[in-house]
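Step one of this worksheet: look at the structure below.
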Number of protein chains: 2
Amino acid sequence: MTTNYLAKYRSVIIYGVSLAALLFLLKWLEWRFIIVDYAFEIYAGFVAVIFTGLGIWLALKLSKPKTITVEKQVFINAGEFLLDKSQLNKLGMSNRELEVLQLMAQGLSNQQIAEKLFVSLNTIKTHSSKVFEKLEVQRRTQAIEKGKRLSLIP
Amino acid sequence: MTTNYLAKYRSVIIYGVSLAALLFLLKWLEWRFIIVDYAFEIYAGFVAVIFTGLGIWLALKLSKPKTITVEKQVFINAGEFLLDKSQLNKLGMSNRELEVLQLMAQGLSNQQIAEKLFVSLNTIKTHSSKVFEKLEVQRRTQAIEKGKRLSLIP
DNA sequence: ATCAAAATCACCCTAAAGTATGACGGAAAA
DNA sequence: TTTTCCGTCATACTTTAGGGTGATTTTGAT
């Protein structure tokens with residue numbers, strides 16, 4: 001708490017101390033040059049310079065920094081695809097079924113999918129039928145469309 | 001040019017003029033208070049206050065504003081779809097063919113497309129065949145996949 | 001060990017999709 | 001004006017997709 005208070009008004013305190021120090025300095029100068037007649041102008045100039053500097057320093061320390069906020073637009077790459085696993089559970093979609101759906105979306109025929117997965121055509125037909133059931137669609141094109149909407153496929 | 005130069009160094013010029021004015025003021029004060037013995041401290045304090053204020057004013061005028069750059073994340077709206085017309089020309093795709101392709105991508109059957117466009121099923125078959133030719137594919141699922149890749153459909 | 005999915009496959013049948021070919025009217029380009 | 005392309009439609013045929021039913025094996029969880 002105390003340190004915080006000190007830190008907050010540090011500049012003001014320093015200013016006060018500086019003023020005190022300067023007072024002593026001035027008194028000393030006064031005493032020294034009191035003998036010399038032409039010391040008056042020098043003294044005034046000295047004071048002017050010192051306090052101008054002090055004012056500048058004070059202003060820079062205490063004034064809130066003038067800030068210009070520039071908004072820099074950072075474009076986020078929205079291309080990332082993340083599979084919606086909660087959706088998978090909700091639909092009760094199995095791994096294999098999802099796999100078949102993905103290959104369907106790539107434009108493969110049932111025959112090609114069968115070859116790719118090393119299973120028979122009939123197996124793929126069974127899988128795709130289940131996919132259609134679970135997605136509540138009739139055709140593979142609809143399945144693809146809905147699969148994309150539900151973030152099951154990119 | 002000249003006005004620009006003046007504008008740029010306006011603060012400095014004003015400062016100079018102010019200094020000159022103050023010099024006159026000081027001279028006058030000197031002359032006035034030279035009689036009074038205790039005028040010295042008053043004079044010094046006056047100078048100190050004036051020049052502190054001047055320093056503060058100078059600093060505030062001349063200090064460069066700090067520029068803070070804030071990165072603002074802008075999520076690019078991935079929904080923006082722009083049809084690639086140059087691609088259409090390159091492929092020699094007609095309006096009707098593109099229309100059929102779009103409806104295919106929405107999961108419609110040939111029959112449904114025919115009904116939607118008020119033409120016969122055979123007409124749609126002809127169109128889709130030409131679409132497949134031009135896209136160099138065999139199946140509608142492939143056509144959809146390639147159509148999306150080529151920005152023909154969203 | 002048991003039970004429930006998941007994955008596999010088969011057969012049959014229908015519907016939809018795709019290929020090939022030809023035809024015709026209209027509009028735009030040559 | 002002729003040619004070319006678009007859009008339309010038809011017929012015939014082949015291939016692929018999809019629905020229904022049933023069966024076996026594998027796998028994971030209780």
Side-chain angles (χ1 to χ4, degrees), chain A residues 83-150 152-153, chain B residues 83-150 152-153:
Chain A
L83 195 146
D84 189 344
K85 292 182 181 176
S86 68
Q87 200 66 248
L88 279 185
N89 283 334
K90 208 180 296 175
L91 298 170
M93 189 87 74
S94 76
N95 289 2
R96 206 55 158 172
E97 285 158 2
L98 178 62
E99 209 175 353
V100 170
L101 177 59
Q102 288 167 341
L103 294 173
M104 280 193 334
Q106 288 168 27
L108 301 199
S109 69
N110 286 341
Q111 184 61 56
Q112 290 173 314
I113 296 173
E115 284 164 11
K116 194 154 206 163
L117 299 182
F118 304 108
V119 295
S120 83
L121 172 60
N122 284 313
T123 304
I124 299 305
K125 282 190 174 186
T126 309
H127 284 319
S128 55
S129 284
K130 295 214 167 177
V131 168
F132 300 155
E133 270 180 39
K134 289 172 181 176
L135 288 179
E136 297 174 300
V137 297
Q138 287 75 43
R139 276 175 295 288
R140 54 177 48 220
T141 47
Q142 291 178 323
I144 293 168
E145 196 272 337
K146 194 155 188 178
K148 297 202 176 198
R149 270 215 327 267
L150 300 181
L152 304 179
I153 44 180
Chain B
L83 196 147
D84 189 344
K85 293 182 182 175
S86 67
Q87 200 66 249
L88 279 186
N89 283 333
K90 211 180 295 176
L91 299 170
M93 189 88 73
S94 76
N95 288 3
R96 206 54 158 172
E97 286 157 1
L98 177 62
E99 209 175 354
V100 170
L101 177 59
Q102 288 168 340
L103 294 174
M104 279 193 334
Q106 288 168 26
L108 301 198
S109 69
N110 286 340
Q111 184 61 55
Q112 289 173 315
I113 297 174
E115 284 163 12
K116 195 155 206 164
L117 299 183
F118 304 107
V119 295
S120 83
L121 172 61
N122 285 312
T123 302
I124 300 303
K125 283 191 173 188
T126 308
H127 284 320
S128 54
S129 284
K130 295 217 166 177
V131 168
F132 300 155
E133 270 180 42
K134 289 172 180 177
L135 288 180
E136 296 174 299
V137 297
Q138 288 74 45
R139 276 174 295 287
R140 55 176 47 220
T141 48
Q142 291 179 322
I144 292 167
E145 196 271 338
K146 193 155 189 177
K148 297 201 177 199
R149 273 216 324 270
L150 300 182
L152 304 179
I153 44 181

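As the structure is a computational prediction, the values presented were derived from the model and not from experiment. To find a chain, count down the sequence lines: A is the first, B the second, and so on, and within it residues start at 1.
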Under a 4.5 Å cut-off applied to non-hydrogen side-chain atoms, are [X] and [Y] in contact?
X	Y	result
A:K148	B:K148	yes
A:V131	A:L98	no
B:L121	B:I113	no
B:E145	B:V137	no
B:L103	B:I124	no

In whole Å, what is the span from the [atom1] atom of [X] to the [atom2] atom of [N]?
X	N	atom1	atom2	value
B:I124	C:dG18	CD1	C1'	14 Å
B:I113	D:dG7	CD1	C1'	16 Å
A:L117	C:dA6	CG	P	17 Å
B:I144	C:dA17	CD1	C1'	12 Å
A:E97	C:dT8	CD	P	10 Å
A:K130	C:dA7	NZ	P	9 Å
A:K134	C:dA5	NZ	P	11 Å

At under 4.0 Å, does any side-chain N or O of A:S94 touch on OP1 or OP2 of C:dA6?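 No, because none of the side-chain N or O atoms of A:S94 sits under 4.0 Å from OP1 or OP2 of C:dA6.
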Is there a side-chain polar atom (N or O) of A:H127 under 4.0 Å from OP1 or OP2 of C:dA7?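 So the side-chain polar atoms of A:H127 never come under 4.0 Å of the phosphate oxygens OP1 or OP2 of C:dA7.
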Measure the spacing between OG of A:S109 and CD of B:Q142 and express it to the nearest 0.5 Å.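 Spacing of OG (A:S109) from CD (B:Q142) equals 8.0 Å.
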Which pairs would a plain distance check flag for residues 85-92 of chain B, meaning a side-chain donor or acceptor within less than 3.5 Å of a matching protein atom at least two apart in sequence or in another chain?
residue: B:S86; atom: OG; partner: B:D84; partner atom: OD1; Å: 2.6

With the sugar-phosphate defined as primed atoms, P, OP1 and OP2, and the base as all remaining atoms, what B/S/- string results for nucleotides 14-30 of chain D, 5' to 3', for protein heavy atoms under 4.0 Å? ---BBS-----------
Which salt bridge (Lys or Arg N to Asp or Glu O under 4.0 Å) pairs, counting each pair once, include a residue from residues 98-122 of chain A, with sequence neighbours left out?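 Non-adjacent pairs meeting salt bridge (Lys or Arg N to Asp or Glu O under 4.0 Å): A:R96-A:E99.
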Short N/O separations, protein against nucleotides 25-30 of chain C, under 3.5 angstrom:
none

Could you note down all residue pairs passing side chain to side chain donor-acceptor pair (under 3.5 Å) where residues 131-141 of chain A supplies at least one of them, sequence neighbours left out?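 Side chain to side chain donor-acceptor pair (under 3.5 Å) check on residues 131-141 of chain A returns A:E97-A:K134, A:N110-A:R140, A:R139-B:Q112.
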DNA chain D: B:S120 or B:G92, which has the more 5' nearest nucleotide?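 Of the two residues, B:G92 wins.
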Per the end-axis method with five pairs at each terminus, what is the bend angle of the helix from C:dA1-D:dT30 to C:dA30-D:dT1, to 10°?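 Comparing the axis at each end, I get an angle of 60°.
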Where do A:K146 and A:L135 come nearest, in terms of heavy atoms and distance?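 Here A:K146 and A:L135 meet closest at NZ-O, 3.2 Å.
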Distance only, no hydrogens: is a donor on one side chain within 3.5 Å (strictly under) of an acceptor on the other, for B:T123 and B:S120?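 Yes.
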